[in-house]
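Indexing begins at 1, ligand by ligand and atom by atom, following the structure's order.
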Amino acid sequence: MTTTRSASMSYTLDGPPEAPVLMFSNSLGTTMSLWESQARSLRSHYRILRYDTRGHGESPGVTAAGSLTLAQLGQDVVDLLDQLKLDKVNFCGISMGGIIGLWLGIYAADRVQRLVVANSAAKIGSEDGWRSRAEQIAENGMDGVADGAAGRWFTPEFITRTPILVDAMVSDLRHCSPRGYAACCMALADADLREEVVRIEAPTLIVAGRHDPVTTVSDARFLQERIADADYLELAASHLSNVEASDAFTAGLMKFLA
Ligand SMILES: O=C(O)CC1=CCC(=O)O1
């Protein structure tokens with residue numbers, strides 16, 4: 001597996017060249033490494049395309065006082081697919097990656113074969129909440145956000161059971177680009193697809209975490225009720241369900257894509 005950095009996104013593409021492509025999109029404050037477990041299990045069946053969302057990991061950052069929009073984050077995916085000459089892919093995103101997937105299902109429908117939207121919503125959180133998080137970062141850096149991350153991402157049981165993994169993810173968040181993270185907060189502040197999600201025609205799997213305090217089961221049901229061809233999977237997990245319930249997540253993904 002090699003990671004490629006071009007003028008655009010940092011990405012990895014691995015798996016059998018003739019296999020269908022399965023693209024993964026990370027959540028706010030994580031990188032493509034979030035999908036390690038799924039990539040390991042699925043790379044003999046699929047060509048796995050992972051990338052770091054703009055402002056995260058090795059992908060291009062944002063300029064001072066820069067902010068991003070959901071449309072830019074969605075267009076980054078389309079541009080990467082164009083660059084790789086990939087016509088249509090299966091797309092799986094979690095949280096911010098999930099709302100990027102919804103945007104693609106609406107505005108770049110011809111590029112999406114099947115769509116998986118995990119722990120996400122047509123509108124994530126509140127506009128004020130995202131703006132004040134961006135301001136807090138501008139004033140104090142990443143520490144405040146990182147200090148509360150484990151409790152937003154995982155159940156207390158998972159944090160107790162896997163402290164090394166959780167600490168490593170929180171430490172990565174602490175070292176995430178403050179500008180990149182804050183710019184994505186601003187994209188989420190303005191992102192609202194509640195009216196548009198009815199236009200999604202791709203077969204879609206909505207994944208919810210039963211204990212997710214960020215994007216709730218009712219956010220997931222909202223999507224399932226409005227997307228014409230939507231399946232629903234609820235996992236015993238909090239927000240980062242692909243990590244906390246990795247085996248069940250991967251099994252659900254495989255079943256949906258088969
Ligand atoms: O607030 C968090 O850390 C969780 C989250 C919200 C949107 C996202 O992508 O992650």
Side-chain angles (χ1 to χ4, degrees), residues 24-35 50-57 59 67-70 72-74 76-77 91-104 116-137 140-156 158-159 165-178 180-194 206-209 211-220 222-223 235 237-244 249:
F24 286 107
S25 181
N26 58 280
S27 65
L28 182 68
T30 65
T31 66
M32 64 171 105
S33 67
L34 182 69
W35 299 105
R50 291 182 283 165
Y51 75 105
D52 290 335
T53 301
R54 185 177 291 274
H56 289 67
S59 280
S67 96
L68 290 167
T69 64
L70 179 61
Q72 283 174 297
L73 300 177
D76 281 339
V77 172
F91 187 92
C92 173
I94 192 163
S95 198
M96 178 173 69
I99 198 169
I100 292 172
L102 294 173
W103 186 93
L104 292 167
V116 181
V117 177
N119 300 81
S120 196
K123 167 137 197 71
I124 303 177
S126 72
E127 191 176 333
D128 286 352
W130 290 118
R131 290 191 194 288
S132 66
R133 199 185 289 192
E135 280 160 21
Q136 180 197 340
I137 291 163
N140 305 314
M142 291 303 298
D143 280 343
V145 169
D147 289 343
R152 292 192 303 275
W153 287 349
F154 301 115
T155 60
F158 187 78
I159 296 168
L165 185 153
V166 173
D167 285 353
M169 290 185 68
V170 171
S171 166
D172 286 349
L173 174 61
R174 214 174 283 285
H175 297 104
C176 174
S177 154
Y181 187 102
C184 286
C185 288
M186 298 306 282
L188 291 174
D190 293 333
D192 186 350
L193 299 177
R194 284 176 292 185
I206 307 295
V207 182
H211 311 293
D212 186 346
V214 182
T215 48
T216 61
V217 162
S218 72
D219 287 324
F222 178 96
L223 291 172
L235 298 175
S238 183
H239 189 59
L240 296 184
S241 67
N242 73 308
V243 176
E244 179 158 355
F249 188 104

- Task: Scan for salt bridge (charged side-chain N to carboxylate O under 4.0 Å, His left out) pairs involving residues 118-128, sequence neighbours excluded, and state none if there are none.
- Result: E127-R131
- What is the minimum heavy-atom distance between R133 and C185, and which atoms define it? CD-SG, 4.1 Å
- Query: When rounded to the nearest 0.5 angstrom, what is the spacing between CG in L104 and CG in L73?
  - Reply: 10.0 Å
- Looking just at side-chain N and O atoms, do N119 and H239 make a donor-acceptor pair shorter than 3.5 Å? no
- Message: I'd like to know whether S59 forms a side-chain hydrogen bond (donor to acceptor under 3.5 Å, both in side chains) with Y51, so could you lay out the CA-CA distance, the side-chain angles of the two residues, the decisive distance to 0.1 Å, and finally the verdict.
- Response: CA-CA 8 Å; S59 280; Y51 75 105; over 6 Å; no
- Task: Answer with yes or no whether the side chains of N26 and T53 bring together a donor and an acceptor at under 3.5 Å.
- Result: yes
Report each N/O pair between ligand 1 and the protein that falls under 3.5 Å, naming both atoms.
residue, atom, partner, partner atom, Å
ligand 1, 1 (O), R133, NH1, 2.9
ligand 1, 1 (O), R133, NH2, 3.0
ligand 1, 1 (O), R152, NE, 3.0
ligand 1, 3 (O), R152, NE, 3.0
ligand 1, 3 (O), R152, NH2, 3.4
ligand 1, 3 (O), W153, NE1, 3.2
ligand 1, 9 (O), L28, N, 2.8
ligand 1, 9 (O), S95, OG, 2.8
ligand 1, 9 (O), M96, N, 2.9
ligand 1, 10 (O), S95, OG, 3.1

